[in-house]
Structures are given as C-alpha cells and as structure tokens.
Student: 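Would you mind keeping the following structure in view while I ask a few things?
The residues of the chain are indexed from 1 along the displayed sequence.
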Amino acid sequence: MEQSEPSLVDVDVETPLHPNFSALGLASGLLPALEKQGVSVPTAIQSVGIPVILDSKSVYLQSETGSGKTLAYLLPLFTRIDAALPAVQAVIVAPTHELAIQIHHQCTDLAQQSGIALRSLLLIGGTPKDRQIEKLKKKPHIVVGSPGRILELIKAGKLKAHKILSIVLDEADRVLMDEHGPDVLGIIKAAPGSRQLIFASATQRHESREIIEKLAPQLVMLNPSPDLINQNIEHFYIVCEEREKPDVLRSVLHAFKAERAMIFVHRNETAEKITDKLLHHKFPSADLHGANYKEDRKRAMDGFRSGKIKALISSDVGARGLDVKGVTHVINFDVPTESKAYLHRVGRTARAGATGIAISLLTDSQGRLVRRFEEELGIAMREFCMRHGEVMEVKREQ
C-alpha cells in the first residue's frame, strides 16, 4: 500500500491559534503549575503543537532553540496519561544524559506543582541498573532516558512496553541518525502499533526524512517559525592565529563582561586545557565533555546553573537541548563547519525571550564560514578585533 505524504501544517507565527493556555484543553492543574514557573502565554510551537498531540496524532515539532518544545509535548502528555493506570505510558528519549536529566526534572516539577500524581523515572547508562529495576517496580507513568538503557530494560522484561501511548524523540534529527538509531527503532518496535510518535528538534536532516516517513506516514509537521535562528542573538567574530586563541578568549570574556558563557570546542583535551588556563587566571570555569565521569559532568552543570561557574567549556555534547537560564554568551573557540551545528551551539543563549551574544574565533582560512552562516542562516556577523584589552569593530570591505 502506498504511503501518504506527511501533512505539512503552515502556521503564521504572528497570529498564534491560542493566545493563552486555558484555551488549549489541558488538565486544570497544569495552569497554576505554569504560573508558578512564570509561564503565562504559550509560544508558537506550544500553541500549535499541544492540540495536535492531544488529538493523539504523530507530530514533528520543529522550532528554534529556546522556543519551548519540551513543554509543548510534556503538557499534553500530562493531560493524556491516566494517573490511575500503574504502567509506563510515555517514553521520552534524549541523545545525552544532561538533556535526559533536564527533561526528567521538568517532569517532576510539573507533577509537584500541578498536583497531578504522575511518576517519572530517569533511565540512563553509567548508573546502577539494579536500582533502576527496583524503581520500575513502582510503576512509573513516564520514563526519560538514553535509548540504549531503555531498550536494554525492555528486552530484559523489566520495562513493560504494552501500555505505551506516546514515544518522544527529543533532538530527533540526532537520535535517529547517530549510533543511537538502532536502539530508538527497537524501542518503537516494542511499543504497540497504535502508539503516537513525537519528534522534537530545531532542525530536520534530509537523511532522517525517509526514516520518519516510514515510522509515521500520517505525520503532522509543525514549523511555526520560519526563522531557524533566534533573532535576539547578536553575532560577532574575531580573526586570530590558532596559537593566539586562548589569550584572545580570556580578553573576550573580560571585554564582553561575560557573566555566564558557554565555550565550544571540538576535542575533549582542548576543553580541559582551556579550563585549566582560565582557572589559572582566576576565572571560574569547568569543562563538560563525553569523556568525563557522570559525577564530574553533573558537578560542572550544577555549578554553571548556580552561577558559581562563569564559563562552561563544552564539546558538542552540551550543544543539544540544554536549557540553562541566563547564558549571556556563546563562544565558538573551535568554529563548526556546518550551519546546523552553529545553530544548535548559539541556541544556548537568548532563550525564552532574553537576548544573547555569539562570538566565533576564526583563523584566516576559516573566513569563508562567515559567508556560509550568513547565507544559510539569514544572519549578519560583525567582525571585531582586540586592542589593548578592548573590542573594536572592523569595517568589512564591500
């Protein structure tokens, strides 16, 4: 039988379908919970996405970073799940432990603040499996975690999949295409055929489109914001020699008065070297990369969230989905070569209506990347240089 094309829903972001949460048909306890979180008006993706998810349809939530995609799927899931049924009814898959932990915390906060008796459980690798199996005996309604550990527990018969209503793939374009892909497909296969699939990401890879169409041939695609990149971000770049970058970085942090900065690098060893150098100069810093122990990564994130750490040096493990309030600056110490990678990195700042600054350190040979980012992302990047510890704008030749 020939498959139907995914139905594309075009939405005018300037005139959202629902100006307030009360019109969206959510469980009543969720409205005061949102007020406690300081959330009063739905974002565009929440406004258009919540009704579709409540209608049990499979959906792709594509929207810029910081636009509220997590609440766009959590709120309708909290409304749909039967709290009286002691079984896993929703599975949320994330590509990194940090993102899974963040989503799990949001689940527990919603449950506590709304009075809705939904239990969630975090299932990630690197933690005792026996303890997770014991917690599964308490019949959580939602499990959040890494695809490998979730599938492992399903195969072992410890996580029952027969009552699953919805499966969420957060950062969908990543979890479907990287090494997690087979585990994600295994989770979907274990669930009932009637399950709802929810994909969430700021971008969509062409390579993942065929997989998505096969998994959900009646998929509703929502992209209420045609601007891929947050318009509240200012973009700068500084040209320097590779060997000068550590000193330029220090000057930039001081000149821009960076209160909370994420600094992105390609390699783990680079993250460690930069952290050591900044700490040597009394600048509160920590590194976050995949080679670190889980406890070290948690300590780094907790310090950064609290403000005790002013610079978090990260490999791309930190670029996807992490939502840290108050990130003022994103600095590309090592510049990505793909526009999508740039998009996800700089999306750590200017979240939830705030403003932010993105700064890239480029060598002469990388100048072409400026034109690429400008053309493919529709942004303007201004060149600056450092002189006597101050930043000065360089006028680009026409």
Student: Taking Thr337's backbone N and O only, do any of them form a donor-acceptor pair with Arg372's side chain (distance below 3.5 Å, no angle check)?
Tutor: yes
Student: Just by modelled atom types, is the Thr363 backbone N or O under 3.5 Å from a matching donor or acceptor in the Gln366 side chain?
Tutor: yes
Student: Which heavy atom of Lys310 sits nearest to which heavy atom of Ala258, and what is that distance?
Tutor: CE-O, 3.6 Å
Student: Donor-acceptor pair, His141 side chain versus Ala83 backbone, under 3.5 Å?
Tutor: yes
Student: Report yes or no: do Ile212 and Val91 belong to one cluster of Ile/Leu/Val/Met/Phe/Trp/Tyr joined by side chain heavy-atom distances under 4.5 Å?
Tutor: yes
Student: For the pair Lys245 (side chain) and Phe333 (backbone), establish whether a donor and an acceptor sit closer than 3.5 Å, ignoring hydrogens and angles.
Tutor: yes
Student: Are Gln106 and Leu74 side-chain neighbours, meaning at least one heavy-atom pair lies under 4.5 Å?
Tutor: yes
Student: Can you tell me how far the OH atom of Tyr237 sits from the CE atom of Met381, to the nearest 0.5 Å?
Tutor: 7.5 Å
Student: Run the side-chain contact (heavy atoms from CB on, under 4.5 Å) check on Asp334 and Leu361 step by step: do they pass?
Tutor: CA-CA 7 Å; Asp334 292 324; Leu361 307 186; over 6 Å; no
Student: Taking the side chain as everything from C-beta on, heavy atoms only, tell me whether Met221 gets closer than 4.5 Å to Leu219.
Tutor: yes
Student: Verify whether one side chain among Asp173 and Ser201 offers a donor that lies under 3.5 Å from an acceptor in the other.
Tutor: yes
Student: When you measure from the side chain of Ser58 to the backbone of Ala216, do you find a donor-acceptor pair of N or O atoms at a distance under 3.5 Å?
Tutor: no
Student: Mark yes when over 12 heavy atoms from residues, nucleotides or ligands other than Glu393 sit less than 6.0 Å from its CD; otherwise mark no.
Tutor: yes
Student: Minimum heavy-atom separation for Val144 to Ala100, with atom names?
Tutor: CG1-O, 3.5 Å
Student: Evaluate Arg119 against Lys139 for side-chain contact (heavy atoms from CB on, under 4.5 Å), listing each step before the verdict.
Tutor: CA-CA 8 Å; Arg119 297 180 297 277; Lys139 308 296 183 182; 4.0 Å; yes
Student: Which distance, rounded to the nearest 0.5 Å, do you find between the CG of Leu71 and the CG of Leu34?
Tutor: 6.5 Å
Student: How many angstroms lie between CE in Met262 and OG1 in Thr328, if you round to the nearest 0.5 Å?
Tutor: 11.5 Å
Student: A side-chain contact here means heavy atoms from C-beta on lying under 4.5 Å apart; do Leu165 and Gln196 qualify?
Tutor: no
Student: Show your working on side-chain contact (heavy atoms from CB on, under 4.5 Å) between Leu118 and Phe78 and close with a plain yes or no.
Tutor: CA-CA 8 Å; Leu118 292 187; Phe78 265 67; 3.6 Å; yes
Student: For the residue pair Gly25 and Thr79, what are the closest heavy atoms and their distance?
Tutor: O-CG2, 3.8 Å
Student: Are Asp296 and Arg299 within salt-bridge range, i.e. N to O under 4.0 Å?
Tutor: yes
Student: When you measure from the side chain of Gln89 to the backbone N and O of Asp82, does any donor-acceptor pair fall under 3.5 Å?
Tutor: yes
Student: Grouping I, L, V, M, F, W and Y whenever their side-chain heavy atoms are under 4.5 Å apart, do Phe384 and Val370 come out in a common cluster?
Tutor: no
Student: Show, in sequence, the C-alpha distance, side-chain angles and deciding distance for Ile142 and Ile92, and conclude whether the side-chain contact (heavy atoms from CB on, under 4.5 Å) test is met.
Tutor: CA-CA 8 Å; Ile142 302 171; Ile92 303 174; 4.0 Å; yes
Student: Counting only N and O atoms by type, is there a donor-acceptor contact under 3.5 Å from the side chain of Ser306 to the main-chain atoms of Gly303?
Tutor: yes
Student: Would you check if Arg345 and Pro336 make a side-chain contact, meaning some heavy-atom pair closer than 4.5 Å?
Tutor: yes
Student: With heavy-atom distances below 4.5 Å as the criterion, would you say the side chains of Asn223 and Ser63 are in contact?
Tutor: no
Student: Determine the minimum heavy-atom distance between Met386 and Ser251, stating which atoms define it.
Tutor: CE-CB, 3.5 Å
Student: For residues Glu98 and Lys298, determine if any side-chain heavy atom of one lies less than 4.5 Å from a side-chain heavy atom of the other.
Tutor: no
Student: Does the side chain of Glu35 reach to within under 4.5 Å of the side chain of Gln113, using non-hydrogen atoms?
Tutor: no
Student: Does a side chain donor of either Gln132 or Thr127 reach within less than 3.5 Å of an acceptor in the other side chain?
Tutor: yes
Student: Atom NZ of residue position Lys277 - does it have more than 12 heavy atoms of other residues, nucleotides or ligands inside 6.0 Å?
Tutor: yes
Student: Look at the side-chain heavy atoms of Ile, Leu, Val, Met, Phe, Trp and Tyr, link any pair under 4.5 Å apart, and say whether Phe21 and Leu222 land in one connected group.
Tutor: yes
Student: Tell me if the centroids of the rings in Tyr342 and His235 come within less than 6.0 Å of each other.
Tutor: yes
Student: If you compare all heavy atoms of Tyr60 against all heavy atoms of Ala172, which two are closest, and at what distance to 0.1 Å?
Tutor: OH-CB, 4.3 Å
Student: Can you hop from Val330 to Leu253 via hydrophobic side chains spaced under 4.5 Å?
Tutor: no
Student: Establish, from distance only, whether the side-chain atoms of Arg80 and Ser166 form a donor-acceptor pair under 3.5 Å.
Tutor: yes
Student: Do NZ/NE/NH1/NH2 and the carboxylate oxygens of Lys155 and Glu152 come within less than 4.0 Å?
Tutor: no
Student: Below 4.0 angstrom, N of the basic side chain to O of the carboxylate: do Glu390 and Arg387 qualify?
Tutor: no
Student: Starting at CG of Leu136, measure out to CD1 of Ile133 and round the result to the nearest 0.5 Å.
Tutor: 7.5 Å
Student: Does any N or O in the side chain of Ser114 come within less than 3.5 Å of the main-chain N or O of Ile116, such that one atom is a donor and the other an acceptor?
Tutor: yes
Student: Check this for me: does any side-chain nitrogen of one of Lys273 and Glu269 sit under 4.0 Å from a carboxylate oxygen of the other?
Tutor: no
Student: I'd like to know if the side chain of Ser285 reaches the main chain of Phe283, judged simply by a donor and an acceptor atom lying under 3.5 Å from each other, with no hydrogens or angles considered.
Tutor: yes
Student: As an exercise, state the distance from CG of Asp130 to NZ of Lys158, rounded to the nearest 0.5 Å.
Tutor: 9.5 Å
Student: In Å and rounded to the nearest 0.5 Å, what is the CD1 to CG distance from Ile238 to Leu249?
Tutor: 9.5 Å
Student: Does His162 use its side chain to pair, donor to acceptor, with the backbone of Ala190 at less than 3.5 Å?
Tutor: no
Student: Ignoring hydrogens, what is the shortest heavy-atom contact between Ile53 and Ala72? Give both atom names and the distance.
Tutor: CD1-O, 3.5 Å
Student: Specify whether Phe256 and Phe236 have parallel, tilted or perpendicular ring planes, treating 30° as the upper limit for parallel and 60° as the lower limit for perpendicular.
Tutor: tilted
Student: Is there a chain of hydrophobic side chains (I, L, V, M, F, W, Y, each step under 4.5 Å between heavy atoms) that links Leu159 to Leu185?
Tutor: yes
Student: Using a 4.5 Å cut-off on heavy atoms from C-beta on, say whether the side chain of Lys160 contacts that of Val88.
Tutor: no
